[in-house]
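Single-structure report; data block below.
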Amino acid sequence: MMEIVGNLGLGFSIAFSLKNLLYCFLGALFGTLIGVLPGVGPLATIALLLPITFHLEPTGALIMLAGIFYGAQYGGSTTAILVNLPGEATSVVTAMDGYQMARQGRAGSALAVAALASFFAGCVSTLVIACLAPPLSKLALAFGPAEFTALFVLGLIAAVVLASGSFIASIGMVMVGILLGLVGTDVSTGEQRMTLGYRPLFDGIEFIVVAMGVFGIAEIIDNLERRETRQLPDGKISRLWPTGEEARVAWPAAVRGTVLGSVLGVLPGGGALVASFASYGLEKRIAKDPSRFGKGAIEGVAGPEAANNAGAQASFIPMFALGIPPNAVMALMIAAMTIHGITPGPKFLSDKPTLFWAMVASMWIGNLMLVVLNLPLVGLWVRLLRIPYAYLFPIILTFCCIGVYSVNYRLFDVVLMGGFGLVGLVLKRIGCEPAPMVLAFVLGPMLEEQFRRTLLLSDGDFSVFATRPLAAALLATAALLVVLMSFSALRKARVKAFQE
Amino acid sequence: MRLKIRQQLASGLFFIGFGALALWIGSDMAIGTAADMGVGYVPRLLAFGCIAVGLFQLGSGTVRSWGDIVAIEARPLTFVVALILLFTLVLPLAGLPLTVFLLVMAAALSGEAFRWTTILLTALLVAVGAALLFGVLLRLQIPIWPLGWRP
């Protein structure tokens, strides 16, 4: 316990430098600013802002990234509440009652409750990270290649289970993602793979190109097509603070959501999403009058928002400790860290403790910044939401182009981004969710490396995956998920959960 | 122009096509054995996996009549891609601010409702802002002045 306090102290002493506070503030500000724009989800927001962090020193860059992450998350909730435009799956839950509150003129209290519930959840889950990540990474040091292979497989399967598209198609998307990730020079032999002898491909496909194409460009095209159905906020914000009655109902919901989020978020595969749905379900079940839900019940905002934030933050635990991104957002974060020469994983904590604890501390600061920033700025966000798309999308498009170009200064990357935008749009239309593909793109090369090493050590004997208990247990969990998914009962429940 | 496709049929064909493409492009890669994998071992495994998924999609699709019809509009799609190509063609010649200005102005042709004065102002602001942020503040090696000219 003392150790944790000491470590957190170390982290705060770094994060509280003026420069780092500024980075955190700017990250949260830009994250919210971009995240709140209609049609720009958290994934696109982070992808858009990544290039700015490339040119900072690692500590500052990571702290800014944490700020961007929370800003983007919060921006997503804001659009969900104000215009019923959930930028990502987790905000779908927030939109259900949050938007209804906004239509009743209670947008201010919905936004404030969302911010405060998220802040509370953030405080708790910062502590959870500080307590859980170190022992978990010690455990992970005992992992061999077989265990890592199994863990990667489990992570990918979990991502597939949570994707909103069809199960089989998502498995296909994972394979497509791994294949794309393998393009380029093979690390262990130095041979070219699937480059067709084309020089710009020798270093592989840049992750940011795929992410911006699939999330940024595809979303622009999508929005241009759906011109008629876009809506602008009309309700006026009469009061900012929730009434006493609202606060009394909201805070227990936020506590329950936080607990759910912290527990579920640690599991690989986008725990935040499950957590916010679970929290909404729980609130509805224990409410005295469940019929209020869907008509502006404040618990329906407070609970899921807390669960979402706690879950999102808890998902940093598997990322830091094991180096495994549990969802596409975390995959982006890992890609950004790799650019600064930091490889998250069991060794990250022991090699760079200052960096780790500074980041944990800045998560908490990032959460605080959001509350400080958002409550007074709600009016500004509303005005931003009213910007017509004709002026907005050229700016977003320009940022995408410059951002991708600035990674390697290659125009080829910009063209490739356009290509991925096209592919991403078509894939979404034919029922193939691109998020698992992007996750697999990042995990693929690591998975293959561990897989090859496992079989090299076992001399080609596949039974190691069954005989090493930990690897076998992880694979069994993955298999169980697949079997469960094949049962129509769960499949139907999932469809229902997404429609609700 | 609207392109109408049936979901399951299209995704099945996509996975089969992608798997076949990966097999073809990677046909020269060494497979090796499980104990000593060549660079082509895992990619081939995945390519066959893709094809299997595609076949499954086609198979289950016939039973449930190929799923829903989805429409893709050609205009916004080609428009956005054209803008991106414009960026790559103009940037080396004209430098960042001019390119950005041109891009934002060209975006006015998207069919969205707009006013000329506002779009002109937006284009100017974004052009200057981009030059300041990326050129001056972040010092990216992006050409700022046209034709490689330096002040």
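Lettering of chains follows the sequences in order, A, B, ..., and the numbering in each one begins at 1.
- With a threshold of 4.5 angstrom between heavy atoms, B:V39 approaches chain A through its backbone and through its side chain.
- Contact check for B:F15 versus A:C432: side-chain heavy atoms found under the 4.5 Å cut-off.
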(message) Could you go through A:Y389 and A:N223, starting from their C-alpha distance and side-chain angles, then the distance that decides it, and tell me whether this counts as side chain to side chain donor-acceptor pair (under 3.5 Å)?
(response) CA-CA 9 Å; A:Y389 207 58; A:N223 278 320; 3.2 Å; yes
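- If you measure heavy-atom distances from A:T398 to chain B, the contacts under 4.5 Å come from both the backbone and the side chain.
- For the pair A:F441/A:I205, a side-chain contact is recorded, criterion being any heavy-atom separation below 4.5 Å from C-beta on.
- Taking the six-membered ring for Trp, A:F412 and A:Y405 have ring centres at least 6.0 Å apart.
- With a 4.5 angstrom heavy-atom cutoff, A:M173 touches chain B via backbone and side-chain atoms both.
- Side-chain contact between B:W145 and B:L98 is absent, with no heavy atoms from C-beta onward closer than 4.5 Å.
- Using a 4.0 Å cut-off between charged side-chain N and carboxylate O, A:K19 and A:E57 make a salt bridge.
- Note on A:L427, A:V183, A:T195: by heavy-atom pairs under 4.5 Å with chain B, the leading option is A:L427.
- The environment of CZ in A:F399 is sparse: at most 12 heavy-atom neighbours from other residues, nucleotides or ligands sit within 6.0 Å.
- Both the backbone and the side chain of B:V104 come within less than 4.5 Å of a heavy atom of chain A.
- B:F14 places none of its side-chain heavy atoms less than 4.5 Å from the side chain of B:L9.
- B:R44 does not touch chain A: none of its heavy atoms, backbone or side chain, sits under 4.5 Å away.
- In this structure, chain B has a heavy atom under 4.5 Å from the side chain of A:L425, while its backbone stays farther away.
- Expressed to the nearest 0.5 Å, how far CD1 of B:I25 lies from CG of A:L179 amounts to 10.0 Å.
- Contacts between A:Y409 and chain B at a heavy-atom distance below 4.5 Å involve the side chain alone, from C-beta outward.
- For B:M37, the parts lying under 4.5 angstrom from a heavy atom of chain A are both the backbone and the side chain.
- Per-residue counts of heavy-atom pairs under 4.5 Å with chain B were compared for A:V414, A:I168, A:L182; the largest is that of A:I168.
- Interface remark: A:I402 contributes backbone and side-chain atoms alike to the contact with chain B (heavy atom separation under 4.5 Å).
- Counting all heavy atoms, side chain and backbone alike, A:I157 lies closest to A:A478 at CG2-O, 3.8 Å.
- Taking 4.0 Å as the cut-off between side-chain N and carboxylate O, A:E448 and A:R193 count as a salt-bridged pair.
- Using a 4.5 Å cut-off between heavy atoms, B:L96 touches chain A through its side chain atoms alone.
- For A:L422, the part sitting under 4.5 Å from any heavy atom of chain B is the side chain, from C-beta outward, and nothing else.
- Of the charged side-chain nitrogens involved, at least one lies within less than 4.0 Å of a carboxylate oxygen, so that A:D186 and A:R452 count as a salt-bridged pair.
- When heavy atoms are compared at a cutoff of 4.5 Å, A:L447 does not approach chain B at all.
- Between chain B and the options A:C401, A:G421, A:G418, heavy-atom pairs under 4.5 Å are most frequent for A:C401.
- For a residue to count as touching a neighbouring chain, one of its non-hydrogen atoms must lie under 4.5 Å from one of that chain's; by this rule B:I142 touches chain A with backbone and side chain alike.
- By number of non-hydrogen pairs under 4.5 angstrom with chain A, the leading residue of B:L83, B:V100, B:D36, B:I119 is B:I119.
- Ranked by heavy-atom pairs shorter than 4.5 Å toward chain A, the options B:G49, B:G129, B:G26 are led by B:G49.
- Under the 30°/60° scheme for interplanar angles, the aromatic rings of A:F451 and B:Y41 are found to be tilted.
- Heavy atoms of B:F114 lying under 4.5 Å from chain A belong to its backbone as well as its side chain.
- Contact of B:A52 with chain A is not made at all, since no heavy-atom distance falls under 4.5 Å.
- Only the side chain of B:L91 has a heavy atom closer than 4.5 Å to any heavy atom of chain A.
- In this structure, chain A has no heavy atom under 4.5 Å from any part of B:T33.
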